[in-house]
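All residue numbers refer to positions in the sequence shown, counting from 1. Each ligand, and each atom within it, is numbered from 1 in the order the structure gives. Bear in mind that the values here come from a model prediction, so they are computed numbers and not experimental data.
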Amino acid sequence: MIRGKKVILRPLEESDLDFCQVLYNDEHIRDMVVGWDFPSSKKNQKIWFESLIKDKRNIRFIVETKKRERLGLTGLWNIDWHNRSSLTAIKLLVTKKTAGKGYGRDAIMVMNAFSFFNVGLHKLWCEILDYNIPSLKAYTERSGWKIEGKLRKHIFKNGSYHNLYFIGCLKEDFLSVPDSNEYIPSSIPEGMRRILRKIDPE
Ligand SMILES: CC(C)(COP(=O)(O)OP(=O)(O)OC[C@H]1O[C@@H](n2cnc3c(N)ncnc32)[C@H](O)[C@@H]1OP(=O)(O)O)[C@@H](O)C(=O)NCCC(=O)NCCS
């Protein structure tokens, strides 16, 4: 279990598959994300879940509030162990109760810290549709991510083409975020944290 300030990331359990089905079918999420590779039938979900257990290139976490209410899913997709990079994404059920409360940003910061300090990655990247303002804000304005490129009119959704941003985050980008220190694993001593945050760790 990985703790943030507002959320907890915990491993996906078989008992979460119905919840994942709700996420998969959520219209708002479907509108906001580029694609979704989650299988839709129950049988396929089970096969997918079992394949994840042995898969060293894919990690999924359930995002929960501190009160253990499920909010959504995040993780690492297709980890590239040679280049030490990975695609990441996040899908939270946005309700009146949860939207804009900082859960998304917190989960992104926790994933950053986990990826750089526990998994040992060098870079994370993600694809964002140009109209996905909450996501662009959460990643690029609040969590150290940078826009690295734009593919023009690249994704066809709801009857028209949309621009697609490629965004990325290096370990040093994450460390430049003012409160990144609060996300670095507590096993790293304070002196080392100060050094990490002052120099380019790469
Ligand atoms: C993107 C997502 C993770 C953001 O989660 P969230 O918990 O609502 O966002 P946060 O509360 O952490 O807010 C992050 C920033 O976005 C802003 N924001 C959130 N919702 C917003 C909205 N509807 N319109 C404008 N800004 C918004 C917040 O104000 C905050 O900025 P601030 O700190 O400057 O105030 C969540 O909306 C989501 O999962 N959406 C559906 C799937 C998706 O788009 N995934 C991303 C692509 S992989």
Between H154 and Y161, is the gap from one ring center to the other below 6.0 Å? no
Using only atom types and a distance under 3.5 Å, with no angle test, would you say the side chain of D106 pairs donor to acceptor with the backbone of V7? yes
Side chain of R84, backbone of G120: donor and acceptor closer than 3.5 Å? yes
Partner of L93 under side-chain contact (heavy atoms from CB on, under 4.5 Å), chosen from L71, T98, L23: L23
Can you tell me if NZ on K5 sees more than 12 non-hydrogen neighbours from other groups inside 6.0 Å? yes
More than 12 heavy atoms of other residues, nucleotides or ligands under 6.0 Å from NZ of K66: yes or no? yes
Applying a heavy-atom cut-off of 4.0 Å, say which part of [X] lies close to ligand 1: side chain, backbone, both or neither.
| X | result |
| --- | --- |
| K101 | backbone |
| I90 | both |
| V94 | side chain |

Should L129 and I155 be marked as a side-chain contact (heavy atoms from CB on, under 4.5 Å) after you check the CA-CA gap, both sets of side-chain angles, and the distance that decides it? CA-CA 8 Å; L129 290 159; I155 299 292; 3.7 Å; yes
Quick test: of every protein heavy atom, which one is nearest to [atom], and how far off is it to 0.1 Å?
| atom | answer |
| --- | --- |
| atom 32 (P) of ligand 1 | R142 NE, 3.8 Å |
| atom 44 (O) of ligand 1 | N132 ND2, 2.7 Å |
| atom 47 (C) of ligand 1 | S135 OG, 3.7 Å |
| atom 25 (C) of ligand 1 | I133 CG2, 4.1 Å |
| atom 39 (O) of ligand 1 | L92 N, 2.7 Å |
| atom 11 (O) of ligand 1 | G102 N, 2.6 Å |
| atom 5 (O) of ligand 1 | G104 CA, 3.5 Å |

Does ligand 1 come near enough to H28 that some N or O of the ligand is less than 3.5 Å from an N or O of the residue? no
Geometric N/O contact A138 with ligand 1, under 3.5 angstrom: no
Can you name the atoms of ligand 1, numbered from 1 with element, that are less than 4.0 Å from a heavy atom of [X]?
| X | result |
| --- | --- |
| M32 | 44 (O) |
| K137 | 15 (C), 16 (O), 17 (C), 26 (N), 31 (O) |
| R105 | 12 (O) |
| A89 | 48 (S) |
| K91 | 39 (O) |
| G100 | 8 (O), 11 (O) |

Candidate list F174, Y183, F61, test ring pair (Phe, Tyr, Trp, His ring centres under 6.0 Å), partner F114, passing option: F61
Check contact between G72 and ligand 1, using heavy atoms of the residue and a distance below 4.0 angstrom. no
Answer yes or no on whether R30 is positioned over the face of Y24, meaning its NZ or CZ is under 6.0 Å from the six-membered ring centre and within 45° of the axis. yes
Honestly, is R60 close enough over W77, meaning NZ or CZ under 6.0 Å from the six-membered ring centre and within 45° of the axis? yes
Of the listed options A99, C126, P134, closest to atom 27 (C) of ligand 1 (non-hydrogen atoms): P134
Atom 16 (O) of ligand 1: protein heavy atom closer than 4.0 Å? yes
Selection residues 133-153 - residue pairs positive for ring-ring contact (aromatic ring centres under 6.0 Å, His included), sequence neighbours left out: Y139-W145
With a 4.5 Å limit on heavy-atom distance, are the side chains of H28 and K91 in contact? no
